[in-house]
Chemist: 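Got a structure here, written out as structure tokens. Questions coming.
Order of the sequence lines fixes the chain letters, A, B, ..., with proteins taken first and strands second; residue numbering starts at 1 for each chain.
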Amino acid sequence: MSRAAKTEVTEVLLVEDSPGDTRLTLEAIRDCDLPLNLNVVRDGFEAMAFLHREGRYSAVERPALILLDLNLPGKGGREVLSEIKGDPELRRIPVVVLTTSQSEDDIGLAYGLHANCYIRKPADTNQLSGIVKGIEDFWLTKVRLPC
Amino acid sequence: MRNHRSARVRVAGGKSGRVAIEEARLPADTTGRAIAQMRRELDVMRERESLLKHELDEFIRLTAHDLHEPLRMVSCYVQLLERRYCGRLDSDADEFIQFAMDGARRMQAMVDGLSALSRVTSAGRPFRTADLNASVQSAVSALRPAIDEAGAVVRCDTLPSVLADGAQLEQLYHNLIGNALRFSNGRRPRVHVGVENKSGEHVFFVRDNGIGIDPRYAEKVFVMFQRLHARDEYEGNGIGLAVCKRIVERHGGRIWVESEPGKGAAFRFTIPDRKEGLPKETKP
């Protein structure tokens with residue numbers, strides 16, 4: 001669903017266990033002044049509960065986009081990805097794998113599990129801002145998503 | 001059992017005399033057994049060496065991987081500090097932030113270098129017939145901006161094809177030619193890429209007219225993180241030649257440098273012609 005107006009805020013789910021990384025993503029959104037509301041969960045179980053609107057997430061809005069780290073405690077990112085893409089409802093939500101791994105195996109595996117794209121977390125805040133802005137611009141502005 | 005024999009020998013000084021020669025007389029099967037035993041010991045040693053190499057590779061890979069995360073946090077947050085607070089505290093604070101930024105950048109380059117080093121073995125591809133001319137051309141294309149900026153002349157002779165990992169040979173040439181451009185002494189860099197045939201072996205070379213290397217440091221340049229020059233004099237993370245050495249060694253060859261200060265340097269390496277078999281990989 002493309003946004004009707006730029007002023008509308010889009011819900012994004014960030015699945016990330018590192019508070020340092022979460023804050024960097026928030027700062028990048030703030031730096032670029034993007035109309036995104038970042039919902040943060042710290043492991044795979046929380047992520048699935050959020051997406052299925054279970055327990056304390058019963059009232060949340062379904063996110064338009066998921067940013068997924070692969071290395072998570074408990075239920076890992078690969079499992080989360082495979083569950084999302086195995087669910088007829090959830091699989092419509094684009095999943096951006098945002099991770100530190102540059103292993104070809106991880107990249108192959110992520111696309112094999114139908115990740116929508118794979119991005120390596122940069123070690124530079126300007127690059128991170130560029131990536132976050134790019135994700136917003138492409139997935140949430142240019143791309144037409146199903147309602 | 002000992003068998004004493006004597007022989008007439010002429011020793012230095014012109015004196016001659018009879019010298020007892022002690023010879024171990026071993027029955028043929030004993031000799032065979034001794035050789036077999038030595039072969040077994042050699043195999044065990046080779047096995048151990050290969051295991052140690054593998055462990056070292058793993059250590060480098062894990063170190064680079066595990067350092068990457070905390071370092072990324074330091075780099076990013078120091079950058080944020082700089083972006084938001086530079087000029088807003090005082091001049092001491094600004095200076096401290098700059099030193100921290102510089103340290104983080106250098107460490108980043110080192111960790112990236114370690115990853116590059118470990119990828120030589122962990123991400124190496126199988127050996128196939130590789131056209132070295134193509135490897136050199138790709139390396140030169142990638143270096144084109146630096147070549148143009150330096151006004152350098154790169155001369156490439158026709159090279160043979162070898163059984164190798166073509167992508168790694170491209171990286172090898174990229175690092176060697178890149179080095180030749182960097183250590184240029186302010187003169188217009190002239191780089192010659194070629195091959196010589198020495199006693200039936202191809203010896204490949206990348207020769208330049210740059211600042212050269214003191215022969216005392218000819219070995220040291222291939223060691224990880226060794227720098228011969230101040231950081232602000234010549235850029236680099238001290239890993240390029242270590243990667244070159246690893247690549248050549250993975251192919252079972254040798255690499256060395258011949259140079260004198262002020263007279264340019266010639267990096268030479270061999271890639272054995274392997275029709276009969278490939279060197280054993282340390283990868284399990």
Chemist: If you count the non-hydrogen atoms of other residues, nucleotides and ligands that lie under 6.0 Å from CD in B:E219, is the total more than 12?
Modeler: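 At most 12 heavy atoms, drawn from other residues, nucleotides or ligands, come within 6.0 Å of this atom.
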Chemist: Which atom names give the shortest non-hydrogen contact between B:Q79 and A:A123, and what distance separates them?
Modeler: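 Heavy atoms of B:Q79 and A:A123 come nearest at NE2-O, 3.4 Å.
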Chemist: So how far is it from B:L80 CG to A:L128 CG, rounded to the nearest 0.5 Å?
Modeler: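 Reported to 0.5 Å precision, the distance equals 9.0 Å.
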Chemist: Please check if the number of heavy atoms outside A:Y111 that lie under 6.0 Å from its OH is greater than 12.
Modeler: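 Result for OH/A:Y111: enclosed.
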Chemist: Between B:R72 and A:D124, is there a side-chain N and carboxylate O pair less than 4.0 Å apart?
Modeler: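 Salt bridge: no.
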Chemist: Return the OG1 to OH distance between A:T125 and B:Y77, rounded to the nearest 0.5 Å.
Modeler: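 If we round to the nearest 0.5 Å, A:T125:OG1 and B:Y77:OH are 10.5 Å apart.
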Chemist: Check each atom of A:D31 against the heavy atoms of chain B and say whether the ones under 4.5 Å are side chain, backbone, both or neither.
Modeler: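 When you check distances to chain B, only side chain atoms of A:D31 fall under 4.5 Å.
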Chemist: Please report the interatomic distance OG(A:S18) to CE(B:M73), rounded to the nearest 0.5 Å.
Modeler: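 Answer rounded to 0.5 Å: 4.5 Å.
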Chemist: Could you measure the distance from the NE2 atom of B:H68 to the NZ atom of A:K121? Nearest 0.5 Å is fine.
Modeler: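 Between B:H68 NE2 and A:K121 NZ, I get 10.0 Å after rounding to 0.5 Å.
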Chemist: Should we say atom CZ of A:R92 is surrounded by more than 12 heavy atoms from elsewhere, each under 6.0 Å from it?
Modeler: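 Open.
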Chemist: Rounded to the nearest 0.5 Å, what separates atom SG in B:C76 from atom CZ in A:R23?
Modeler: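 Reported value, rounded in 0.5 Å steps: 13.0 Å.
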Chemist: I'd like to know if A:E27 pairs up with B:R84 as an ion pair, taking the criterion as any Lys NZ or Arg NE/NH1/NH2 lying under 4.0 Å from an Asp or Glu carboxylate oxygen.
Modeler: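 Salt bridge: yes.
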Chemist: Has A:K133 got more than 12 heavy atoms of other residues, nucleotides or ligands less than 6.0 Å from its NZ?
Modeler: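 Not more than 12 within 6.0 Å, no.
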